[in-house]
Amino acid sequence: MAEEPPLKTYRGNCHCGVFIFELKVPEIKTANECNCSLCRKKGYLFTFPGEGMTVVKGEGTLKKYTFNEGNTEHNFCPTCGTPVMGYNPNFPPGKTTAVNVRTIQGLDIWKLDINKYAGKENGPPYTPPKYSGPEPTADIEGAKLYTGSCHCGAVAACIKIKPLDSTYPDRIAECNCSNCQRAGYLWIYPKKDQVVIQGRDNLSYYVFGNGVWRKGFCKTCGVQIMNEPNPLTDEQVEALSADARAFRDGKMDWFPVNMRILNDFDFDVVMDKVQRMDGWNMAKPPYVNP
Ligand SMILES: [Zn+2]
Ligand SMILES: [Zn+2]
Ligand SMILES: [Zn+2]
């Protein structure tokens with residue numbers, strides 16, 4: 001009989017800290033990356049804790065989203081949008097709960113071995129929601145139009161940007177700061193006039209740290225859409241540190257978009273261009289794990 005591996009205790013949480021859990025599992029060295037229509041938009045990296053998960057705080061606070069036959073509940077925090085876990089009672093024992101390892105404190109997800117999981121084949125094909133709004137007004141030579149959406153279709157977007165392929169000249173980034181790691185963003189950096197968002201009313205906004213930015217995610221399915229300067233009052237701007245104010249002033253026309261929202265788009269074409277940003281060590285103020 002093989003010896004059971006020793007168990008390690010991990011603590012995890014959504015970014016805002018409303019939901020906190022613990023895992024008692026063998027050391028996490030791998031995670032599963034699924035290519036289904038929802039996982040690709042959320043950047044989920046799964047581990048299966050079996051019976052080894054305990055909720056420390058916030059039982060019942062996560063919002064559930066289901067699709068297809070509604071078999072798997074995807075649980076995300078309605079306040080900060082962090083995708084925390086999936087639950088499917090029909091999956092084999094030990095596989096009913098899938099936790100997003102992006103939510104685990106102190107785990108370096110860039111060091112994990114990633115197993116590809118073809119979840120796409122489990123359900124009927126996904127028909128991406130269509131964008132039906134106007135074109136962005138920006139005038140950019142050689143630009144292409146890309147459309148994207150959240151999963152449920154309440155929010156859609158159109159982005160006018162240089163072709164996102166091996167010739168793409170600008171930055172594409174993923175970041176390990178407390179929120180980017182959890183949200184699984186793949187950032188592209190268009191300006192405001194390069195993007196149109198449809199269904200703004202269906203976004204929830206999340207603000208943290210120095211309050212200069214706000215992240216938008218779909219209220220219904222939790223897919224993270226974009227980042228934008230947080231509309232602040234004059235008093236709030238005055239109250240910022242000089243650094244934060246200067247940073248904000250220089251980026252008022254920025255409109256970073258999560259590339260994962262793109263529909264009918266093959267990420268493999270640009271994945272070798274993705275830069276890794278050490279946002280965890282740059283964050284001011286630093287994030288305190290709850
Ligand atoms: Zn939260
Ligand atoms: Zn999936
Ligand atoms: Zn949605």
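Just so you know, ligand 1 is whichever comes first in the structure, and atom 1 is the first atom listed for that ligand.
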Visitor: Keeping Lys273 on the side-chain end and Ser166 on the backbone end, is there a donor-acceptor pair under 3.5 Å?
Guide: yes
Visitor: Does atom CG of Asp266 have more than 12 heavy-atom neighbours, drawn from other residues, nucleotides or ligands, at distances under 6.0 Å?
Guide: yes
Visitor: Calculate the angle formed at the Zn ion (ligand 2) by SG in Cys36 and SG in Cys39; 10° precision is enough.
Guide: 100°
Visitor: Go through the steps for Glu228 and Arg200 under the test salt bridge (charged side-chain N to carboxylate O under 4.0 Å, His left out), then give the verdict.
Guide: CA-CA 13 Å; Glu228 67 180 345; Arg200 270 258 180 198; 2.8 Å; yes
Visitor: Work out the angle at the Zn ion (ligand 3) between SG of Cys150 and SG of Cys218, rounded to 10°.
Guide: 110°
Visitor: Test of geometry: compute the angle SG(Cys221)-the Zn ion (ligand 3)-SG(Cys152) and round it to 10°.
Guide: 120°
Visitor: Got a sec: is Cys80 within less than 2.8 Å of the Zn ion (ligand 1) via an N/O/S atom?
Guide: yes
Visitor: Do Thr66 side-chain atoms and Thr72 backbone N/O form a donor-acceptor pair below 3.5 Å?
Guide: no
